[in-house]
Amino acid sequence: MLASYFTVKETGEHEIVIQKSRFIAHIKRVETEQEAQEFIQVIKKKHWDATHNCSAYLIGEQDQIQKANDDGEPSGTAGVPILEVLKKRKLKDSAVVVTRYFGGIKLGAGGLIRAYGKATSEGIDTVGIVERKLAQVIQVKIDYTWLGKLEKELRASEYKLKEIHYLDNVIIDTFVEESSVETFVEWMVELTNGQCTIEKGETVYLEEDYIRS
């Protein structure tokens, strides 16, 4: 599993008009090629009357699955520019369909490449990007006398508190990035003077909005 990677935040769309042609970018996070193909078919069915529904997707930890489709536009002028934007933004598990309604003015190969690239880029900006970071749930079991101190310290820290279980003892679940697990464990031991029991739980991905600088 990757320590971190970028992907699109949510499903959405964005429209631009270039030389009277409408370009509608549809964006979706997908985890399999089947999901990507189903998404493309949904858009094609919705926009059955469009001139073109061009698409591309990038799937897998190492971008193992890459596909681009020009859907009738001149070869290399639509699907590839869409795919290149996904690569440039370093996005994984993402699919894009750009629907075009022809407005009567031909754009030429260069114009089409720029138009599909721009529609894709603006569409991604609209739906947003997230960074997914691998984290482990660390369970800290303590006596109730330590609860106030630990909860206060955790809420003021960089770590994300998941849940507190109030049982015979208190169990605090915290999300900790893989690279920080050892540091976190040492910190808990220090705060409780060694009076805690620590167990490692499931490994999950946490998502944070990514803001381009």
Side-chain angles (χ1 to χ4, degrees), residues 2 4-133 205-213:
L2 295 173
S4 69
Y5 67 93
F6 297 102
T7 189
V8 292
K9 183 177 181 178
E10 56 193 4
T11 302
E13 62 181 55
H14 177 72
E15 180 176 335
I16 61 175
V17 177
I18 298 175
Q19 297 281 42
K20 297 184 179 180
S21 279
R22 294 171 59 206
F23 292 85
I24 310 167
H26 311 270
I27 319 288
K28 183 179 175 66
R29 187 190 303 183
V30 293
E31 294 183 353
T32 66
E33 187 164 20
Q34 183 178 342
E35 273 187 73
Q37 288 289 349
E38 287 174 354
F39 172 59
I40 292 167
Q41 293 308 313
V42 166
I43 300 304
K44 282 189 169 185
K45 188 174 181 180
K46 180 180 177 182
H47 293 279
W48 60 271
D49 58 339
T51 317
H52 307 280
N53 284 292
C54 307
S55 59
Y57 50 85
L58 203 54
I59 299 169
E61 288 188 1
Q62 305 302 324
D63 303 333
Q64 299 97 314
I65 302 172
Q66 302 182 25
K67 291 287 175 65
N69 190 306
D70 295 312
D71 194 43
E73 291 281 32
S75 180
T77 63
V80 171
I82 296 169
L83 184 62
E84 286 304 312
V85 172
L86 293 176
K87 289 181 177 180
K88 186 176 180 181
R89 295 289 191 94
K90 297 180 180 178
L91 298 177
K92 297 185 182 298
D93 295 346
S94 301
V96 178
V97 182
V98 178
T99 299
R100 183 190 184 192
Y101 287 92
F102 182 55
I105 300 174
K106 292 185 177 181
L107 300 180
L112 287 171
I113 290 169
R114 288 189 293 275
Y116 280 99
K118 182 178 181 180
T120 303
S121 189
E122 288 193 15
I124 290 168
D125 287 341
T126 299
V127 302
I129 294 173
V130 292
E131 182 175 10
R132 304 193 82 209
K133 294 182 179 180
Y205 276 108
L206 296 181
E207 294 188 3
E208 292 181 0
D209 288 350
Y210 174 69
I211 310 298
R212 294 177 74 189
S213 57

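In this structure, the separation between OG1 on T51 and CD on E73 is 8.0 Å, given to the nearest 0.5 Å. Within the model, atoms OG1 of T126 and CD of E15 stand 11.5 Å from one another, a figure rounded to the nearest 0.5 Å. The line from NZ of K9 to CD1 of I124 is 15.0 Å long, rounded to the nearest 0.5 Å. Residue S94 holds its OG atom at 11.0 Å from CG of L83, rounded to the nearest 0.5 Å. Summarising the geometry, atom CG belonging to N53 is positioned 12.5 Å from atom CG belonging to D70; distances are rounded to the nearest 0.5 Å. In this structure, F39 CZ and I27 CD1 are separated by 7.0 Å, a value rounded to the nearest 0.5 Å.
Within a 6.0 Å sphere centred on CD of Q34, other residues, nucleotides and ligands contribute 12 heavy atoms or fewer.
At a threshold of 4.5 Å between non-hydrogen side-chain atoms, the residues L107 and F102 do not count as touching. For the pair K118/F23, no side-chain contact is recorded, criterion being any heavy-atom separation below 4.5 Å from C-beta on. Side chains of Q37 and Y57 form a contact here, defined as non-hydrogen atoms less than 4.5 Å apart. Contact annotation: the side chain of I59 never approaches that of T32 to less than 4.5 Å [non-hydrogen atoms, C-beta and beyond]. At a threshold of 4.5 Å between non-hydrogen side-chain atoms, the residues V127 and K28 do not count as touching.
Residues meeting the salt bridge (charged side-chain N to carboxylate O under 4.0 Å, His left out) test with D71, sequence neighbours left out: K44.
The shortest non-hydrogen separation linking G123 to H14 is CA-CB, 3.7 Å. Here the closest heavy-atom approach between residue A25 and residue A119 is recorded as CB-O, 3.3 Å. When every heavy atom of T7 is checked against every heavy atom of D93, the shortest pair comes out as OG1-O, 3.5 Å. Contact between A56 and L86 at its shortest, heavy atoms only, is O-CD1, 4.2 Å. For G60 against K92, the heavy-atom pair with the smallest separation is O-CD, 3.9 Å. What you find for Q64 and E61 is that their closest heavy atoms are OE1-N, 3.2 Å.
A salt bridge (charged side-chain N to carboxylate O under 4.0 Å, His left out) with R29 is found for one member of E10, E35, E207 and no other, namely E207.
Counting only N and O atoms by type, the side chains of S121 and R89 include a donor and acceptor under 3.5 Å apart.
Relative orientation of the H47 and Y101 rings is perpendicular, given thresholds of 30° and 60° on the angle between their planes.
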query: Passes side chain to side chain contact (heavy atoms under 4.5 Å, CB included), L2 versus Y205? Steps please.
result: CA-CA 10 Å; L2 295 173; Y205 276 108; 4.0 Å; yes

